[in-house]
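Lettering follows sequence order; numbering is per chain, from 1.
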Protein chains: 2
Amino acid sequence: MTVSKALNDKDGVSGELKEKIKLLAVQMGYRYNAAARSMKEGLTHNIGVIIPERFTGPTQSFYVRVFQRITKHLEDQGYYGILHILNVQDEEELILPKLYSDNKVDGFIVLGQVSKEYIELVQSMEVPKMFLDFYDEHSDIDSVVTDNFYAAYELTNVLVQQGHRRIAYVGNLYSTSSIQDRFLGYYKSLLEHRLPMNPDLVLNDRDERGTFIEIDLPAQLPTAFVCNCDQVAHLLVQKLTSLGIQVPAQCSVVGFDNDIYATLSEPKLTTVEVDVEQMARTAVHSMLKKIDNPSRSFGRVHVKGNIIYRDSVSAAPALSDDVSN
Amino acid sequence: MTVSKALNDKDGVSGELKEKIKLLAVQMGYRYNAAARSMKEGLTHNIGVIIPERFTGPTQSFYVRVFQRITKHLEDQGYYGILHILNVQDEEELILPKLYSDNKVDGFIVLGQVSKEYIELVQSMEVPKMFLDFYDEHSDIDSVVTDNFYAAYELTNVLVQQGHRRIAYVGNLYSTSSIQDRFLGYYKSLLEHRLPMNPDLVLNDRDERGTFIEIDLPAQLPTAFVCNCDQVAHLLVQKLTSLGIQVPAQCSVVGFDNDIYATLSEPKLTTVEVDVEQMARTAVHSMLKKIDNPSRSFGRVHVKGNIIYRDSVSAAPALSDDVSN
DNA sequence: CTGAAAGCGCTTACAG
DNA sequence: CTGAAAGCGCTTACAG
């Protein structure tokens, strides 16, 4: 009783005792049980927000699509997903979602790469957690990722088979694990075809904070570009077009993600579609198994992507290639 | 005890009794109390899904942005938002979110226009509800909407002041209340400036299901277009450009929403920015007041928009205008 | 097959 | 200022 009053800052407890109780609560790692209050009050302190699918639908962001699939699988299992959009400030200041301290959830799925420090913070929470669409050196985290490495490898192979020899990669290698792995897949394809790896053909596309920067084209233009995502591919195509370079006649471009930019681009982009359904299902089922048995671990699970063939790739311009080398 | 077993389809109750109990439960409008089970089990049956802001960030859909503001205000009040993306099928078959029957929420905010039938279904739920960004003839619903009418009126005034006389409106008037009201604002501006309202200049942009269709340009081109949203304005600009018509030199175009398409378009669009922050705050505070006192009602609350001036408007081409009429 | 009772972790009216 | 007790609506082990 006194403890309850103290923690809720209500009257009837001396300030001194209050402080003592609060301090001890923190020391003991006490977390409020929202369910008990809910039952007592008859209030859940949740509000449902209904958005019709067509308004988030085809043009929506990749992660919102993944979220939608996640909630579908959760619901099938009698669970609900509570979306928490982590803002930049909370990530930097290492602030955990209130969802956790209020004991509103049984676990967390982190969708999209966060800083190493934030990963560690997430790991410190005493609930199961899954990381989706990225991983990092923390070997003990459970993650579900697209097989970026192989997909990029296969995509680059397509370009090589079309006769391309001077192939650039566009992406900041130090930004996310996805960008890095896609680069390595690209590199594997070069190695396998005995093509030289030219550092001048690895082009940066964003600064450390993830903001896109102007892409510096090399003096001697490649005949093909492997871009780390569709959005950057789209920007690149715009840039090439504005310079009077025809895509794909003079230059082939491939993207990654098969998001809105893939079809918005002119020409439409050949790209890799991530298997959202499979990723969501795997993440949810692993999560529920961990709730049943917290000691279970899954490590890094890879989900295959599919190449989507569209109009941004053609055979390498034979002459220019021979001449330019 | 027996009731509990019956409802959960567990052994130890005769099939006959089970049916009797289940039937009665439905008749009495029984809804499961998830909080009580949560307390007993020590499980909330919620999973937190964390998405870093930068991945849904600047390019994200309008409604996701609104959702983010809503959750922010909810959290400030000790509440949480649970996002339910209503799929087309559930909307047609009039299926309510499981969130409701499972008693997981204290109220609903419906964000984006749903069918009349679905509105009535939502109204039948015995919890407070708020409608956001749309309304309809149901006079008893509480809604928060942008002042579409005045914003479109002001935007059209801008075009008239730039000398435009032949101004088209692009949008399906029967699709949403927003599109309809924006049209009426456009019409008011015409009336006020004694400009004729030409039905040939009201162009359809989507079918009844909201899918965009090819826009039929009138034989004699207007000098300006008021589009019901940025996405359609973007499509229109692309179409005009592909026809060799320069925007804004030969044709001015304005949009609505100030979403990703407004800046993606070339030239960037003059448009109306909706006051997301104000809409979210109003919706949340009204909702919480209704939870305290279910008989409270707010009716239709309007939130002002702001015109954003960019590069898609210029003075009407003086000669062509005179000549063409 | 059916039911009485305890307990989950809070809050709140009440007594000391 | 402090604390014993009841009750919110379930589930589950136990008894009949």
Using a heavy-atom cut-off of 4.0 Å across all strands, would you classify T2(B) as base, sugar-phosphate, or nothing?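 The residue T2(B) makes base contact.
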Honestly, is R37(A) close enough over Y32(A), meaning NZ or CZ under 6.0 Å from the six-membered ring centre and within 45° of the axis? no
Taking it one step at a time, do S295(A) and N293(A) satisfy side-chain hydrogen bond (donor to acceptor under 3.5 Å, both in side chains)? CA-CA 6 Å; S295(A) 65; N293(A) 175 5; 2.8 Å; yes
Whole angstroms only, please: what is the CG-P distance between D9(A) and dC1(D)?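 Taking CG of D9(A) and P of dC1(D), I get 13 Å after rounding.
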I'd like to know if the side chain of Y30(A) pairs up with that of N103(A) as donor and acceptor (distance under 3.5 Å, no hydrogens or angles considered). no
Would M125(A) and Q123(A) satisfy side-chain contact (heavy atoms from CB on, under 4.5 Å), going step by step from the backbone distance to the final call? CA-CA 5 Å; M125(A) 292 194 291; Q123(A) 284 293 86; over 6 Å; no
Scan the side chains in residues 78-85 of chain B for donor-acceptor partners under 3.5 Å anywhere in the protein, sequence neighbours excluded, and list what turns up.
residue : atom : partner : partner atom : Å
Y80(B)  : OH   : K98(A)  : O            : 3.3
Y80(B)  : OH   : D102(A) : OD2          : 2.7

Whether each nucleotide of nucleotides 8-16 of chain D has a protein heavy atom under 4.0 Å at its base (B), only at its sugar-phosphate (S) or at neither (-) is summarised, 5' to 3', as BBSBBB---
dG3(D): pairing nucleotide in any strand, Watson-Crick or G-U under 3.5 angstrom: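 Checking every strand shown, dG3(D) finds its partner in dC14(C), with both distances under 3.5 Å.
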